[in-house]
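This report refers to the structure that appears directly beneath it.
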Amino acid sequence: MSTPFPAPDTAVATARGNGRETDSVNALPPPLPPPDQPARVSAATSGGSESDWDWDRVKELVEEWYRPVLRREGWVALAYIFVGAITGSLLFGLFIAASAVTFGLCFVLVGFLLIVPVLRLPGAFVKIDRDLAGWLGVTIERRPLRPVTGIGPAAIKAALTDVERWRLIGFLAVNSVVAPVFFSIASIPIGFAFQGVFGGGVLSDVPVLFGLGTPVAVLGGVFMIGAIPRLSVWLADLKVQSTRWFIGPDRLAAAEQRVSSLSTQRQDILDAVTEERRRIERNLHDGVQQQLVAIGLDLGMATNHLETDTARARELIVQAREKVQGSIGELRQLGRGLHPAILEDRGIDAALSAVVAGAPIPISVHVDPELTLSTDVAETVYFIANEAIANVLKHAKARVASVHVAKVGGNVRVTVHDDGSGGANFSGGTGLAGIRARVNAVDGVLTITSPAHGPTTVVAEIPRKAVNHD
């Protein structure tokens, strides 16, 4: 007798084992995955041999966590916090000791002679904190203090009534507490990392987890290594900001200083514009204008000789044509000083190379290939270098010169060097005043080294981002 086939969508299977009989319904095989998706095998069907961990992502997270360990900033910040903790307590202790000795000697009148010197100590002590902030690349300007001279009653009164001086004393007191606290907080991940890796401390009491108490402690310590530079940078930034608030100039004083600086820069710019206008007028009058007058005379004489002396007329026309070409060259040179078109078309390297192309002495040009400048900054760099080169050709009596434009942090540095006679200064119409005005207009720094017999080096460092004074 034939056995009927089961329904096409299911199959009944009978399994016998251990004296039990069970029925199970087996579904059809799962469909194949799309071509762009690999088949996944579940841990249940594979007996747990495959893992669903994305190890590439884990690797990225581990690298991201430990990347600050390899950077200098985190360890410099930790050193800043550590040294600040030592100097904070030490300096305030020295000031208290000096004040106590002075107070004790006041009973024999000698202490009154020491009051002013002791009150000068905070100004010297906070300089150490300003220098430490320099480790982080932060510049803290000096807070203005009332000048105190002498040791008499007037000097004592001036020193005791100076609010800013007492503010510095308050900083020394607060810093003697805050700096050690910051270092204590920064030491927390260091302690955990050391104890986890080498044993001992609170991590020695980690409860045993399936017999893995010590490995868990080691992993925790290794994990804390990545937290050391992160926490140090954050605490160092917090400390340097609080230090700046105490010993740096306040916003009102900074605004007043800024207004004064802008007023000086404005006058320098006006003087430079006036001098530039005079230069253009002088060049037009002495150059192009004279050429045009001569061209007019040549053409007039050629007209008179057209019928009587054709050869002479042709000669005068040729001379007029040559003078026209010379005038065109002078106008191009003049226009290049006003707005260099090559700067926009081909960049600062090509523009400076065009400037030195016709120089009577060899002048090398080197521009950092990785340097990118905005239009305003590129024009400023061009005019600074152009003016410095013109100054070399007119006054230096040099045999060779060089121009270097390089990126220095967030600034661009322009260096023009020559082996000339030296003695360059801001007087005598050497053009350095115009360079100084351009540098000051963008909050840059100009340094000139020019001994009596040379050589001369002009270094201008300006921000790579345009400065807006509006």
Quick one: are [X] and [Y] in side-chain contact, heavy atoms under 4.5 Å?
X: Glu63; Y: Lys59; answer: yes
X: Leu168; Y: Phe125; answer: no
X: Val442; Y: Val377; answer: no
X: Leu446; Y: Val458; answer: yes
X: Ile228; Y: Trp75; answer: yes

Roughly how far apart are [X] [atom1] and [Y] [atom2], rounded to 0.5 Å?
X: Asn386; Y: Arg438; atom1: CG; atom2: CZ; result: 9.0 Å
X: Leu343; Y: Glu379; atom1: CG; atom2: CD; result: 6.0 Å
X: Arg464; Y: Arg413; atom1: CZ; atom2: CZ; result: 12.5 Å
X: Ile169; Y: Phe92; atom1: CD1; atom2: CZ; result: 9.0 Å
X: Asp349; Y: Leu371; atom1: CG; atom2: CG; result: 10.0 Å
X: Ile225; Y: Trp65; atom1: CD1; atom2: CH2; result: 11.0 Å

| field | Step-by-step side chain to side chain contact (heavy atoms under 4.5 Å, CB included) determination, Phe246 to Asp129 | value | CA-CA 11 Å; Phe246 263 104; Asp129 285 273; over 6 Å; no
Please tabulate, for side-chain N and O atoms in residues 181-193, each donor-acceptor pair with protein atoms closer than 3.5 Å (sequence neighbours left out).
from	atom 1	to	atom 2	distance (Å)
Ser184	OG	Pro180	O	2.9
Ser187	OG	Phe183	O	2.7

When you look at [atom1] of [X], are more than 12 heavy atoms from neighbouring residues, nucleotides or ligands closer to it than 6.0 Å?
X: Tyr66; atom1: OH; result: yes
X: Arg346; atom1: CZ; result: no
X: Arg120; atom1: CZ; result: yes

| note | The ring pair (Phe, Tyr, Trp, His ring centres under 6.0 Å) partners of Phe95 (sequence neighbours excluded) come to none
| Restricting to pairs with a member in residues 359-368, which pass side chain to side chain donor-acceptor pair (under 3.5 Å), not counting sequence neighbours? | none
| said: I need the minimum non-hydrogen distance between Val69 and Pro229, along with the two atoms involved. | reply: N-CG, 3.9 Å
| remark: What one should report as the nearest heavy-atom pair of Gly84 and Ala179 is O-CB, 3.5 Å
| query | Does NZ or CZ of Arg167 come closer than 6.0 Å to the centre of the six-membered ring of Trp245, within 45° of the ring's axis? | reply | yes
| said: Quick check on side-chain contact (heavy atoms from CB on, under 4.5 Å): which of Val392, Ile363, Thr457 does Asp418 satisfy it with? | reply: Val392
| Among Ile128, Val126, Leu132, whose side-chain contact (heavy atoms from CB on, under 4.5 Å) with Arg130 holds? | Val126
| Residue pair Lys239, Asn175: steps toward the side chain to side chain contact (heavy atoms under 4.5 Å, CB included) verdict | CA-CA 9 Å; Lys239 183 179 184 301; Asn175 192 50; 3.6 Å; yes
| task | Report the C-alpha distance between Ile462 and Val412 in whole Å, list the side-chain angles of each, state the deciding distance to 0.1 Å, and finish with yes or no for side chain to side chain contact (heavy atoms under 4.5 Å, CB included). | result | CA-CA 6 Å; Ile462 62 175; Val412 55; 3.4 Å; yes
